[in-house]
There are 2 protein chains.
Amino acid sequence: MANSARNLKIRNSSLDEIDQALIGLLSDNARLSHAELARSVGLSPPSVAERLRRLEEEDGVVSAYTVELDPKALGYTLTAIVRIRPLPGQLHHVEKLLIESPEVIECDKVTGDDCFVARYLLRSIDELDPILERIAQRAQTSTSIVKASPVKRRLPPVP
Amino acid sequence: MANSARNLKIRNSSLDEIDQALIGLLSDNARLSHAELARSVGLSPPSVAERLRRLEEEDGVVSAYTVELDPKALGYTLTAIVRIRPLPGQLHHVEKLLIESPEVIECDKVTGDDCFVARYLLRSIDELDPILERIAQRAQTSTSIVKASPVKRRLPPVP
DNA sequence: AATGAAAGTGTTTATCC
DNA sequence: GGATAAACACTTTCATT
C-alpha cells in the first residue's frame with residue numbers, strides 16, 4: 001500500500017507521463033469518466049481504471065476526490081490568518097477550541113513562539129473581534145487579514 | 001450565476017437539507033455517480049443532476065471537483081509556513097518568486113508587518129536553508145515548521 | 001422541482017496478448 | 001500493462017405532473 005516497496009519507486013523515480021496526465025485531468029475535474037480520461041491519454045477505459053486503482057490503493061498518491069466550495073458564494077467575505085500562542089497551561093483548551101470552531105477551516109501546530117496558525121473564514125469584519133476576545137482568555141493572538149492570494153491552494157509537484 | 005439574485009437567497013437563507021447532503025457526500029467522494037447520490041438522498045438521478053447543475057452554475061457554491069494528493073506518498077516529508085516581509089522595492093520580485101516556486105503550494109498577501117504567508121512542501125529539512133537564502137536577498141523571513149495539523153483543510157460551513 | 005421512460009454512454013469483468 | 005468484448009449500470013433528454 002502507501003508504505004510498501006512500490007512507494008519507494010515513486011519517491012525515488014517518478015510517475016510516468018500518463019499517470020501525470022491523469023492526475024492533471026482529474027485535478028481540473030475529478031468527475032471525468034474513465035472513458036473521457038481514456039480518450040485524453042490514448043488508453044482504453046479499463047487501463048485507465050487500473051492506473052487510477054494503483055494511484056489510489058498501491059501508491060497512495062491519490063488520497064481523495066473532493067469538492068471545492070466557493071466561500072464568497074456562501075457569504076464568507078473575509079479570510080483571516082491568526083497566529084496563536086496559548087498562555088501557560090492553556091494549550092489543550094486552545095487546541096480544542098480551534099478544532100471545534102467551524103469558522104476555522106485549517107489549523108497547524110508549528111514550531112516557534114506561536115504555537116498554532118489558524119485560517120478563519122468570516123462573513124464580515126464584525127465577526128473578528130468576538131472570536132479573538134474568546135481566545136484572548138487563553139492565548140495571545142496576532143491576526144492578519146488576507147488581501148489577496150497570489151498562490152491559491154495547488155497540488156504538490158508530481159515528480 | 002454566482003452573483004445573481006439567487007445568490008442572495010443563499011447568503012440570507014440557506015441550502016436545503018438535500019443540497020447539504022449532496023455536498024457532504026461529494027466532499028467524501030467527488031466521483032460518486034448521480035445514481036449513487038440519488039439513492040443516498042432519496043431522489044431520482046435526473047433530480048440529483050439538476051440540483052448539482054444549480055449548485056455549480058446558478059448558486060456558484062460548488063466551484064470545482066478536484067483530487068487530493070498525499071504529500072507523503074510523493075516524498076514530501078515536511079511542511080513549513082514562512083512569513084515574508086519584502087525589503088523596500090522588492091515586493092513584486094518577491095511575489096513573482098513565490099508564484100514561480102512549485103514548492104509553494106499556497107501563498108496569501110496579508111495585512112500587517114509580514115506581507116506574505118507562504119506554505120512550503122519540502123522533501124527534507126535540507127531543502128529549507130537554500131530556499132530561505134534565495135529569499136533573504138529580497139526579504140526578511142520568519143519560518144515555522146508544521147509539527148501537526150489539528151484541523152486539516154476542511155470545507156466552509158454550509159448554512 | 002421532481003418523475004419515468006428510452007436512447008445513448010460508460011463501467012466492469014473475463015479473457016487474451 | 002494493455003486491449004477487446006459482452007453484460008450490466010449510468011446519464012441525459014423529454015414529456016408529464
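So that the names make sense, note that chain A is the first sequence line, chain B the second, and so on, each numbered from 1.
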Touch class at under 4.0 angstrom, heavy-atom based, for Arg53(A) against every strand present: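 Nothing: the residue Arg53(A), judged by heavy atoms under 4.0 Å, touches no strand.
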Side chain to side chain contact (heavy atoms under 4.5 Å, CB included) assessment of Asp19(B) paired with Arg51(B): CA-CA 7 Å; Asp19(B) 285 340; Arg51(B) 275 175 178 266; 2.9 Å; yes
Expressed as a whole number of angstroms, how long is the span from [X]:[atom1] to [N]:[atom2]?
X	N	atom1	atom2	value
Leu52(A)	dG1(D)	CG	C1'	14 Å
Glu36(B)	dC10(D)	CD	P	7 Å
Leu43(B)	dT12(D)	CG	P	16 Å
Leu32(A)	dC10(D)	CG	P	19 Å

On the nucleotide [N], are OP1 or OP2 found under 4.0 Å from the side-chain N or O atoms that [X] carries?
X	N	value
Ser47(A)	dA3(D)	yes
Arg51(B)	dA2(C)	yes
Arg54(B)	dA2(C)	yes
Ser44(A)	dG2(D)	no

Annotated protein contacts, base or backbone, on nucleotides 12-17 of chain C with a non-hydrogen cut-off under 4.0 Å, one of B, S, - each: BB----
Stepwise side chain to side chain donor-acceptor pair (under 3.5 Å) test for Glu50(B) and Ser47(B): CA-CA 5 Å; Glu50(B) 174 60 11; Ser47(B) 299; over 6 Å; no
5' precedence on DNA chain D between Gly42(A) and Arg31(A) (nearest-nucleotide basis):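 Nearer the 5' end of the strand: Gly42(A).
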Over 12 non-hydrogen atoms of neighbours within 6.0 angstrom of NZ in Lys96(B):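 Check fails, neighbour count at 12 or below.
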Side-chain ion pair, Arg54(A) and Asp59(A), N-O less than 4.0 Å: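 Salt bridge flag = no for Asp59(A) with Arg54(A).
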